[in-house]
Amino acid sequence: MSELLDKINRLKDELNHHNYQYYVLDNPEISDSAYDKLLRELQEIEAKHPELVTPDSPTQRVGATPLTEFNTVKHEIPMLSLANAFSAEEFSEFNQRITDLLKKSGVHSANDIKYAAEPKLDGLAISLLYEEGILVRGATRGDGSSGEDVTQNIRTIETIPLKLLGKKVPSRLEVRGEVIMDKEGFEELNNIQRKNNEKLFANPRNAAAGSLRQLDSRITAARPLSFFCYGIGIISDDITLPATHSKIMALLKSWGMRINPESKVVTGINGADQYYTRLFNKRESLEYEIDGIVYKVNSLEYQKILGFVARAPRWAIARKFPAHEEMTKVLGIDIQVGRTGALTPVARLEPVFVGGVTVSNATLHNQDEIERLDIRVGDTVVIRRAGDVIPQVVNVVLSKREGKPRKFKMPTHCPVCGSVAVRNENEAVTRCSGGLFCEAQGKQAIIHFASRKAMNIDGLGDRLVELLVDKGLVKTSADLYSLTHEQIANLERMGDKSAEKLLKALSQSKQTTFARFIFAMGIHDVGETTAKTLAEHFQSLEELESASFEELLSIRDVGPVVANNVTTFFKQKHNREVIDALLRAGIHWPKTPSVSAQAQTLFGKTFVITGTLSDMSRDEAKQALQALGAKVTGSVSKKTDYLVAGENPGSKVDKAKQLGVEILSEMQMKALL
Ligand code: 9MJ
């Protein structure tokens, strides 16, 4: 048994050491997978011997049985807050105040005070209690004199050591610091929340607080929280305290606590100012949000002389960065139609200076977001602009709502072209269905129409489309076909030759395939493949136009979203008018379905193409195979019939050999074609 205990202890020490290297020193010695292997080894032993599991085991970070409520913890030494300075002047006044106080108390060398400067983290203040080096309790700051016991949740945070490192640790130690969520973790969490249709967090601070206040610590375990320590509370007298705050921090670091790497001792107002400017400029590139700088008089002796006022130490101050959040009024809610037809509600705001710029609009994203915020015209709202992030409405200040403003509703029709606006099931966006007609989507629709895989109009690029639309020569794709030589030749940087070329390309494009034409119409979610499927199923455009939702749904690979988009598209009178104009201009395709039954020699066969082909591009090979009824996919599986291997084929060949899939050379494929 003692051998087993030795083994367990060795594994724990090893894991704790690597945790320290990784989180505190930012200097991992082993790979993540090697770490996981050690952890699994410990888990396996513990699973067989549950009686040997201790609360400080690195395996105990996964969460525990949910609580029904949090117990209250009284802080033996109150957790204080910090006084704020909002400008260089206010910091200078603070510096003067304490210099005078120190001089009055007989400290004559108090002219250039040394400050421990550290970023002010925007998270949740936490107290951690270690007894004999083992984490026994984690508590929130609460009102400063008592907080909530969140030990179970604290244990799930990997940057918080469950056991202090080193031989000589105090018998009792209270570490204080901030639990935060970094910017990336915050974005990811909100993406997950959005996907699950759950409440979004307004900012990383709220997300950290919400995550730490979970009664079910398994939820906390799944949240990307981390910890930086910035001070101590209780410490037993079996340790001689060093003389400065910065040395205490170094001591805590040696015990395994994570200290902010930006922390630095600075001298006097100049040193403090320089540090402020440097961090202010660096702020956006930090992985976590900071809202200012904390300056603490470094000498503990001076700290003692200065003492406290009300609930804050006189020896520390937080110099805040300009606010990220401000309040303002919603003057109106407009709808913007994007290039893809998405209808986006935008709040028009009374201009407000926030995070260094004047903000007068903020996107409200979609109907769900408006409902979540319950935002109404006339409301007072909190606007947040963090870094280069677009301004966001955080919440409505309900106490400032006047009267009974009406709830906002998304319009039923596109405000630009009047087409029906559609919102498909399981989608958050509402979209204009007038793809071919809507001016907001005009340029994009025409660029798509002309593109290589659609109508393949050679020489009609983005810039030329923009020019044609801006000059009023073209509104919809149908107008392209009535352009005259003179109109084109007179355009900027065009001439007789390019006009001739474009007219020729336009004329050539009239002879096309049904599939290309369907794709070119730009119906939302109808890509090249779906367009082909539709072209194979329907004998004519008339059939497609009059297909019901159910008929569309019965087609392989067509789901409710595409079915709905297709039927709505053809119901729009304007879309049909543009289509009629295109047909009148002479666009045509072979009457019979593009792939006739007898030509489908490869029907039912699945191909994968890999490597570089010498005579054609992979795309061309794909189209040629598909024209004969084959399916071409991206990866080799049991369902693959043939792998076509060009030069430098890579790992797909191995996979094919493994699965017994027949491998064809480019020559062999050409023979099949
Ligand atoms: C934050 N929030 O980053 C303190 N803090 O010290 C730092 N907060 C603090 N120090 C004493 N770095 C009370 C609060």
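Both ligands and their constituent atoms are indexed starting at 1 by order of listing.
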Solution key, residues 210-217 side-chain donor-acceptor pairs under 3.5 Å, sequence neighbours excluded:
residue, atom, partner, partner atom, Å
Ser211, OG, Ala207, O, 2.6
Ser211, OG, Arg223, NH1, 3.0
Gln214, NE2, Gly210, O, 3.3
Asp216, OD1, Arg218, N, 3.0
Asp216, OD1, Arg218, NE, 3.0
Asp216, OD2, Arg218, NH2, 3.0
Ser217, OG, Ala64, N, 2.6
Ser217, OG, Ala64, O, 3.3
Ser217, OG, Gln152, OE1, 3.3

**OP:** Fit a plane to each ring of Phe91 and Phe94, take the angle between them on a 0 to 90° scale, and name the class: parallel (under 30°), tilted (30 to 60°) or perpendicular (over 60°).
**Re:** tilted
**OP:** Measure from the side-chain N and O atoms of Arg172 to the backbone N and O of Glu131, and report whether any donor-acceptor pair falls under 3.5 Å.
**Re:** no
**OP:** For Glu174 and Ser127, test the side chains for any donor-to-acceptor distance below 3.5 angstrom and give the result as yes or no.
**Re:** yes
Original post:
Do Ser246 and Asn298 have a side chain donor and acceptor closer than 3.5 Å?
Top reply: yes
Original post:
What about Phe186 and Phe201, are their ring centers closer than 6.0 Å?
Top reply: no
Subject >> Shell of residues surrounding ligand 1, defined by a 4.0 angstrom heavy-atom cut-off that is strict >> reply: Leu80, Leu82, Glu118, Pro119, Lys120, Leu121, Glu178, Tyr230, Val294, Lys296
